[in-house]
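One structure below.
The analysis underlying the following values was restricted to heavy atoms, covering all of them including side chains, and did not include hydrogens, waters or symmetry mates. Everything numeric in this text was worked out from a predicted model, so none of it was measured.
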Amino acid sequence: MGRRRAFDEDEVVRAAVELFGGRSYDGVSIDDLVNHLGVHRNSLYKTFGSKRGLYLVALRRHLADDVRPLAETLAAATDAATALRLVTSADLGLLLLAAAERAPADEEVATEVTTALATVDQAIADALGIPIDLAAALTATALGLRLRGDPGGAGAALTRRLDPLD
């Protein structure tokens, strides 16, 4: 009979979301995971199979805990400016890094990212009564602002000009 697990898997996955969301998949080593998560290397491998296995669990948790609630909140947006503010203020670090770093190289990550972005696009389209391609453009703009860090208040300037979309 094996030893009882000495860590809370839920806590480890949440901590992994933060770690991967702040440093990316390639920016996190197994040693980083062991040290940051407080899990022995053998326990990490036994529970998640690999670094990639933990990454996928963390990504799916991020999508469930952060992206899905964002989509639900977006459903109540009454105008494009509000939708833009909601997306630019959401905790989407891991989604952005997954889209930029892992999705081009990992089909499973690409599927998760594509599905999550489509969910956000659809929520915006439904809330604002706009075509899905326009909603996708709004999502892409908001995520682009997040990546750029919104230099010079571009998000605020854009928000002021979005009224004609409503």
Side-chain angles (χ1 to χ4, degrees), residues 1-77 82-127 135-136 138-151 155:
M1 183 169 186
R3 287 187 350 180
R4 238 178 123 224
R5 199 178 287 170
F7 64 91
D8 182 328
E9 188 174 329
D10 191 56
E11 287 179 19
V12 167
V13 172
R14 277 185 248 196
V17 168
E18 287 182 35
L19 191 59
F20 286 124
R23 293 176 42 195
S24 78
Y25 180 84
D26 288 337
V28 176
S29 69
I30 292 294
D31 286 338
D32 293 332
L33 290 168
V34 168
N35 293 328
H36 184 78
L37 305 178
V39 176
H40 291 7
R41 183 181 304 267
N42 289 342
S43 296
L44 189 141
Y45 283 113
K46 184 174 183 178
T47 304
F48 301 104
S50 64
K51 174 182 158 182
R52 181 179 178 274
L54 175 56
Y55 178 81
L56 288 170
V57 171
L59 177 61
R60 290 179 180 125
R61 170 65 60 82
H62 172 62
L63 299 179
D65 289 356
D66 299 312
V67 178
R68 188 175 303 129
L70 170 63
E72 292 167 2
T73 303
L74 283 166
T82 299
L84 181 71
R85 274 193 299 278
L86 288 169
V87 175
T88 57
S89 65
D91 177 10
L92 300 176
L94 183 50
L95 175 62
L96 289 169
L97 288 171
E101 178 196 33
R102 297 302 308 152
D106 187 321
E107 189 174 318
E108 198 168 358
V109 172
T111 299
E112 296 288 347
V113 167
T114 299
T115 301
L117 293 175
T119 299
V120 172
D121 296 343
Q122 191 64 58
I124 292 172
D126 292 346
L138 185 62
T139 301
T141 300
L143 294 177
L145 288 169
R146 290 288 310 271
L147 287 172
R148 289 182 56 157
D150 198 12

Which atom of Arg146 lies closest to which atom of Leu92, heavy atoms considered: NH1-N, 3.6 Å

Any donor-acceptor N/O pair, Thr88 side chain to Arg85 backbone, under 3.5 Å: yes

Val109 and Tyr55, any side-chain heavy atoms less than 4.5 Å apart: yes

Let me check something: any side-chain donor-acceptor pairs from residues 114-122 under 3.5 Å, sequence neighbours excluded? List them with distances.
{"from": "Thr114", "atom 1": "OG1", "to": "Ala110", "atom 2": "O", "distance (Å)": "2.8"}
{"from": "Thr115", "atom 1": "OG1", "to": "Thr111", "atom 2": "O", "distance (Å)": "2.9"}
{"from": "Thr119", "atom 1": "OG1", "to": "Thr115", "atom 2": "O", "distance (Å)": "2.9"}
{"from": "Asp121", "atom 1": "OD1", "to": "Thr139", "atom 2": "OG1", "distance (Å)": "2.7"}
{"from": "Gln122", "atom 1": "NE2", "to": "Asp126", "atom 2": "OD1", "distance (Å)": "2.8"}

Which atom of Leu74 lies closest to which atom of Ala127, heavy atoms considered: O-CB, 3.1 Å

Residues, nucleotides or ligands: over 12 heavy atoms within 6.0 Å of Arg68 CZ: no

Ser43 OG to Glu9 CD distance, which is reported to the nearest 0.5 Å: 11.0 Å

Option among Leu37, Val28, Leu19, Ile30 that satisfies the side chain to side chain contact (heavy atoms under 4.5 Å, CB included) test with Leu54: Leu37

Ring geometry between Phe20 and Tyr25 (parallel below 30°, tilted from 30 to 60°, perpendicular above 60°): parallel

Shortest non-hydrogen contact from Pro104 toward Ala99: CD-O, 3.5 Å

Nearest heavy atoms of Ala71 and Ala123, plus distance in Å: O-CB, 3.4 Å

Contact check, side chains of Val39 and Thr47, non-hydrogen atoms, under 4.5 Å: no

Any donor-acceptor pair under 3.5 Å from Glu101 side chain to Asp26 backbone: yes

From CD1 (Ile124) to CG (Leu138), nearest 0.5 Å: 4.5 Å

Expected output: side-chain Arg102 to main-chain Asp106 donor-acceptor under 3.5 Å: no

Show which side-chain atoms of residues 60-67 pair as donor or acceptor with protein atoms under 3.5 Å away, not counting sequence neighbours.
{"from": "Arg60", "atom 1": "NE", "to": "Glu112", "atom 2": "OE2", "distance (Å)": "2.8"}
{"from": "Arg60", "atom 1": "NH2", "to": "Glu108", "atom 2": "OE2", "distance (Å)": "2.7"}
{"from": "Arg60", "atom 1": "NH2", "to": "Glu112", "atom 2": "OE2", "distance (Å)": "3.3"}
{"from": "Arg61", "atom 1": "NH1", "to": "Asp10", "atom 2": "OD1", "distance (Å)": "2.6"}
{"from": "Arg61", "atom 1": "NH2", "to": "Asp10", "atom 2": "OD1", "distance (Å)": "2.8"}
{"from": "His62", "atom 1": "ND1", "to": "Asp66", "atom 2": "OD2", "distance (Å)": "2.7"}
{"from": "His62", "atom 1": "NE2", "to": "Leu95", "atom 2": "N", "distance (Å)": "3.2"}

For the student: nearest non-hydrogen atoms of Gly53 and Ser50, plus distance: N-OG, 2.9 Å

Contact summary for Ala58 and Val13, nearest pair of heavy atoms: CA-CG1, 4.0 Å

